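Have a look at the structure below before the remarks.
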Protein chains: 2
Amino acid sequence: MERRRQARGERRMAEILDAAADAFAELGYEKASTNAIAARAGISPGSLYQFFPSKEAVASALAGRFVADMRAAHGSAFGEADVAGMDLDELLDRVVDPLVAFNLANPGFKALFARPDMPSALAESSRPIQAAMLGQVESILDARVPGLAPADRARSARVLVRVFQAMTPLVAAAPEEERPAEVAELKRVLKGYLTSLSA
Amino acid sequence: MERRRQARGERRMAEILDAAADAFAELGYEKASTNAIAARAGISPGSLYQFFPSKEAVASALAGRFVADMRAAHGSAFGEADVAGMDLDELLDRVVDPLVAFNLANPGFKALFARPDMPSALAESSRPIQAAMLGQVESILDARVPGLAPADRARSARVLVRVFQAMTPLVAAAPEEERPAEVAELKRVLKGYLTSLSA
DNA sequence: TGAAAATGCGAGCGACCGCTCGTATTGTTC
DNA sequence: GAACAATACGAGCGGTCGCTCGCATTTTCA
């Protein structure tokens, strides 16, 4: 079902995803109309549909690109060093800072991944990264809190991811000089919870 | 600008708010159309607009009713007893349990309050709820952590409310037998953060 | 009892949505 | 350069949305 793409077409697709990320960030998924996305990309509505069969497909492709970008930029920082022995503050710095930076650098990201009411195909696209993040967090938990039962570990991982997702918009919305303080609070929440788990 | 209402009109307004709460809970704010709300209330679209000038006004009135209901049901538990001297676990029980119960008993509530990404129109309508919650939490913080600077206190209140908002859907989505465990995790997060603030 | 006010109706307006289609242009292949 | 695929256009389709308006019915009150 794949059609032959020209180099120009590949470029167009990237431009469309850029425009979609912009529009999603500024307007949210629902209010970012396909015509508006096309206009931001400097093309006609019809041209958008030369490359993506639906609005959902655009979002899905954008989600895929976010996943790839995140893996490329920060994937290694997640699970490589000796998590078990590291100072808790340092561990939090190593995990939280790159993720916060990615969220700030990609404002459209949260519109696609931090939503409770997502279109089904969109939820499907975001499942890999959700699962990956949960898995990484679970492996960290496994190293830091060895006595945890699997069900409790899974639940705690969900809690940690959820707290991060909830706090990130607070960080992004804060004026720039307030951000370090907001990030510190995010880490404080996570640290308090992790400390409580170890006790 | 107020018009004279008959008793029937007051009843209708309550029915419309009931229908709106239903529709918001089931469909979310955006997809709950005013015609659908009117249909659920058993009236015509025109009749709905006899009582509310816009969809946002319906949401705003519903938010107001939620605040009143919450105050009536659990308001006393929030700020009356000696918050300062109370055991932290007991304080959390007294604050969290009624709020969780209210959320579970009023499924439409989370569409107005516990939604991480709030459209601007909705944000305005739900501000009374947010303001009420922040104020209560700030007064508790004032009693429990007296050394906190006003700006830090406000920030911490935002963090606590945000965490609660983020965790509540997790509680609501969990199967009934899992809920106590999820609530316990919610309290654990809040306790860890509060403990960290006092240190 | 009769006029005025409040309540009730529902077809439909104007705006916008995701998306299509006929057609024109550009690029590739031989 | 001819044949064909890929790219580009934009008016407009079918549909939904929040909301209106002309008009019928019920209630209030003098």
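Fair warning: this is a prediction, and the values are worked out from it, not measured in the lab.
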It should be established whether Ser47(A) places a side-chain nitrogen or oxygen under 4.0 Å from OP1 or OP2 of nucleotide dC9(D).
yes

dA6(D) phosphate, OP1 or OP2, under 4.0 Å from Arg5(A) side-chain N/O:
no

Anything under 3.5 Å between a protein N or O and an N or O of nucleotides 11-13 of chain D, put it in a table, one pair a line.
none

Suppose we screen for ring-ring contact (aromatic ring centres under 6.0 Å, His included). Which residues come up paired with Phe66(A), at least two apart in sequence or across chains?
Phe109(A)

Nucleic acid contacts of residues 9-17 of chain A, taken as heavy-atom distances under 4.0 Å to DNA chain D:
Gly9(A), Arg12(A)

What does the list of N/O pairs under 3.5 Å between the protein and nucleotides 28-30 of chain C look like, with a distance for each?
residue, atom, partner, partner atom, Å
dT29(C), OP1, Arg4(A), NH2, 3.4

Using a heavy-atom cut-off of under 4.0 Å over every strand shown, decide if [X] touches base, sugar-phosphate, or nothing.
X	answer
Ala41(A)	nothing
Ile43(A)	sugar-phosphate
Ser33(A)	sugar-phosphate
Ala57(A)	nothing

At what angle, to 10 degrees, do the two end axes of the helix from dT1(C)-dA30(D) to dC30(C)-dG1(D) meet, given five pairs define each axis?
10°

Does the distance from a Lys or Arg side-chain N to an Asp or Glu carboxylate O, for Lys55(B) and Glu30(B), drop under 4.0 Å?
no

Go through the structure and list residues passing side-chain hydrogen bond (donor to acceptor under 3.5 Å, both in side chains) with Thr195(B), not counting sequence neighbours.
none

Going by distance alone, is a donor N or O of one side chain under 3.5 Å from an acceptor N or O of the other, for Tyr193(B) and Ser156(B)?
yes

